[in-house]
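Single-structure report; data block below.
Since this is a predicted model, take the numbers as computed values, not measurements. Atoms within a ligand are numbered from 1 in the order they appear, just like the ligands themselves. Along the sequence shown, the residues carry numbers beginning at 1.
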Amino acid sequence: MKLITIVGARPQFIKAAPFSDVFRKQHHEIMIHTGQHYDQNMSDIFFQELSIPKPDYYLGVGSGSHGLQTGRMLEKIEQILLKEKPDGVLVYGDTNSTLAGALAASKLHIPVFHVESGLRSYNKRMPEEQNRVLTDHLSDLLLCPTKTAVENLKKEGITDGVLLTGDIMVDAVNRFMNISNKRYSNSKWLETLKAENPHIPLLKEKEYYLATIHRAENTDDLMKLQTIFTALERLDKPVLIPLHPRTQKLVEKFNISFRNVTIIQPVGYLLMLYLTKNAYMVVTDSGGLQKEAYLLKTPCTTLRDQTEWIETLENGWNCLCPINVHSIMEKASRKLDCLNHAQPQVFGDGNAAQRICQAIVNNFA
Ligand code: UD1
Ligand code: UDP
């Protein structure tokens with residue numbers, strides 16, 4: 001079987017790592033990297049650290065408006081699909097690279113397999129919601145990380161090709177946390193951070209906030225972005241932010257103040273896992289990070305009005321937070337009763353990659 005997989009953005013590289021490893025043991029994978037993310041610390045570092053096979057095609061699409069970026073991907077992916085004639089195309093998540101891959105394949109009547117299918121925020125203004133709804137409706141196999149995702153699809157009348165596989169991010173966390181521990185325990189995490197960021201304050205385990213901000217709904221609105229930084233400045237513990245380049249550019253352009261907040265470049269996944277496990281709390285608008293915080297038993301405050309990962313809200317591990325200074329400070333300093341609660345295995349057992357492979361094989365049986 002010849003499968004084309006499409007990646008382009010940071011979280012997709014992380015999901016591709018466990019899948020490619022399992023799939024390539026028996027089958028032929030051709031990987032396309034759209035080039036949506038291209039900085040060394042947004043792309044190459046993941047391929048190197050996580051031993052992801054080198055992409056067979058690099059499209060170099062880069063940044064741009066949604067239409068321009070998606071259109072360029074669509075055009076280039078179509079050419080490759082016509083040349084390679086794969087048996088199927090696999091896409092991950094909800095980025096513009098996901099939609100472009102699904103659309104190009106679907107128009108050529110090539111089966112589409114969607115990993116992380118069925119997630120919904122029910123906020124149609126989110127580019128990710130548009131991408132995932134459209135991708136789901138084009139897909140032949142809808143590979144769901146949670147029962148909630150399966151139910152969401154049912155509400156939209158989609159039941160054919162729907163499979164509960166568990167979340168491939170659990171596979172990634174299980175696989176890479178051990179390596180991360182070996183590399184960064186015994187203060188090596190701090191030495192690594194200091195080597196690249198001499199200005200960094202002394203951080204102690206479980207005594208800092210780890211924050212990330214990049215979601216369009218927070219960054220496109222300057223008032224919101226300023227409010228987030230004002231709140232972070234006022235928290236009672238040091239705040240460390242590996243900052244997405246989208247947000248970094250805005251912080252510089254608008255001269256946003258970040259006293260008491262330490263901004264660093266985006267870090268590799270292995271260090272990110274360690275920083276997440278080690279943090280007092282994660283404060284984020286990321287999808288993947290909310291869940292990693294949960295899996296690593298670190299409380300989280302999510303700077304959004306909705307989450308696709310509603311299971312993380314149970315027992316207060318994660319908490320949604322509107323963007324105003326008072327709410328952010330209040331939620332970030334809430335009592336952490338969640339630490340006394342056991343967590344049910346709602347995201348699967350860490351064998352999602354294996355189930356996804358089997359589902360694809362069965363699709364052709
Ligand atoms: C994209 C996804 C989002 C996902 C995120 C993961 C869409 C619509 N959004 O958002 O769902 O959560 O990736 O991180 O697909 N930039 C750089 N260097 C890079 C990449 C981006 O400087 O390597 C800057 C550019 O100024 C670019 C901006 O970041 O315009 C936004 O990048 P883009 O890929 O369009 O969206 P993300 O915010 O990364
Ligand atoms: N991540 C990382 N380095 C960073 C910030 C995030 O490795 O500096 C990882 C994070 O652990 C998670 C993934 O990137 O696995 C999430 O990506 P992002 O927040 O960019 O996208 P989202 O999940 O919101 O789509």
Side-chain angles (χ1 to χ4, degrees), residues 6-18 33-46 49-50 60-70 72-73 91-101 116 119 121 125-132 134-135 167-173 176-177 180 193 196 210-220 240-250 252-253 263-277 279 282 284-296 298 300 302-304 307-309:
I6 294 174
V7 295
R10 174 166 70 185
Q12 294 166 332
F13 310 140
I14 296 163
K15 289 162 202 162
H33 183 330
T34 63
Q36 176 168 353
H37 286 175
Y38 44 86
D39 289 347
Q40 201 277 341
N41 56 20
M42 293 293 288
S43 175
D44 288 4
I45 191 168
F46 296 96
E49 274 195 344
L50 311 183
V61 165
S63 305
S65 65
H66 289 283
L68 181 136
Q69 191 182 50
T70 314
R72 285 190 177 151
M73 290 174 190
V91 293
Y92 299 94
D94 54 19
T95 72
N96 289 344
S97 300
T98 314
L99 178 61
E116 217 175 70
L119 296 182
S121 66
R125 292 179 58 85
M126 274 182 90
E128 293 82 3
E129 184 77 356
Q130 299 156 355
N131 290 339
R132 58 173 93 97
L134 292 169
T135 300
D167 189 343
I168 198 155
M169 294 284 283
V170 179
D171 300 30
V173 170
F176 296 114
M177 194 66 231
S180 169
L193 285 176
E196 289 185 8
L210 177 68
T212 74
I213 306 145
H214 77 282
R215 190 72 50 209
E217 67 207 53
N218 286 331
T219 56
D220 287 356
L240 181 68
I241 311 191
L243 201 56
H244 190 292
R246 170 203 273 271
T247 323
Q248 177 65 41
K249 284 174 190 167
L250 292 166
E252 284 166 21
K253 184 171 169 195
I263 291 184
I264 58 172
Q265 296 268 321
V267 298
Y269 188 57
L270 297 177
L271 182 53
M272 191 65 186
L273 282 178
Y274 202 83
L275 293 175
T276 305
K277 192 195 76 167
V282 163
T284 191
D285 58 12
S286 160
L289 189 55
Q290 285 173 58
K291 205 176 30 188
E292 279 161 356
Y294 179 89
L295 294 170
L296 297 171
T298 300
C300 182
T302 294
L303 303 178
R304 290 182 49 199
T307 178
E308 299 76 22
W309 303 104

From [atom1] ([X]) to [atom2] ([Y]), nearest 0.5 Å:
| X | Y | atom1 | atom2 | result |
| --- | --- | --- | --- | --- |
| L99 | T135 | CG | OG1 | 4.5 Å |
| T98 | M73 | OG1 | CE | 8.5 Å |
| C300 | E292 | SG | CD | 10.5 Å |

Between [X] and [Y], do the side chains contain an N or O donor and an N or O acceptor separated by less than 3.5 Å?
| X | Y | answer |
| --- | --- | --- |
| H33 | S43 | yes |
| S97 | Q36 | yes |
| Q69 | T34 | no |

Aromatic plane relationship, F13 with F46 - under 30° parallel, 30 to 60° tilted, over 60° perpendicular: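 Geometry flag for F13 against F46: tilted rings.
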Give me the nearest non-hydrogen protein atom to [atom] as residue plus atom name, then the distance to 0.1 Å.
| atom | answer |
| --- | --- |
| atom 33 (P) of ligand 1 | Q36 NE2, 4.0 Å |
| atom 18 (N) of ligand 1 | D39 OD2, 2.9 Å |
| atom 8 (C) of ligand 1 | N96 OD1, 3.4 Å |
| atom 5 (C) of ligand 1 | H214 NE2, 3.6 Å |
| atom 27 (C) of ligand 1 | S63 OG, 3.2 Å |
| atom 9 (N) of ligand 1 | E128 OE2, 3.7 Å |
| atom 17 (C) of ligand 1 | Y38 OH, 3.2 Å |
| atom 35 (O) of ligand 1 | Q69 NE2, 3.7 Å |

Partner residues of R10 under the salt bridge (Lys or Arg N to Asp or Glu O under 4.0 Å) criterion, sequence neighbours left out: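 Applying salt bridge (Lys or Arg N to Asp or Glu O under 4.0 Å) to R10 gives none.
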Residues which pass salt bridge (Lys or Arg N to Asp or Glu O under 4.0 Å) with D220, listed by chain and number, not counting sequence neighbours: R246
Is there at least one pair of N or O atoms, one from [X] and one from ligand 1, spaced under 3.5 Å apart?
| X | result |
| --- | --- |
| H37 | yes |
| N131 | no |
| H244 | yes |

Residue shell around ligand 2, heavy atom under 4.0 angstrom: R10, P11, I14, F46, M169, H214, R215, P242, P266, V267, G268, Y269, M272, S286, G287, G288, E292
Residues R132 and E116 bridged, charged N to O under 4.0 Å: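 Answer for the salt bridge query: no.
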Pair R304 + E217: basic N to acidic O under 4.0 Å: yes
Structural part of P11 in contact with ligand 1, heavy atom criterion under 4.0 angstrom: side chain
Any donor-acceptor N/O pair, D171 side chain to P18 backbone, under 3.5 Å: no
Residue-ligand contact Q248/ligand 1, heavy atom below 4.0 Å: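 Q248 does not count as a contact of ligand 1 under the 4.0 Å cut-off.
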Sequence-distant partners of N41, side-chain hydrogen bond (donor to acceptor under 3.5 Å, both in side chains), two or more places apart: Q265
Option with minimal heavy-atom separation from atom 38 (O) of ligand 1, where the choices are M42, R132, K249, R246: R246
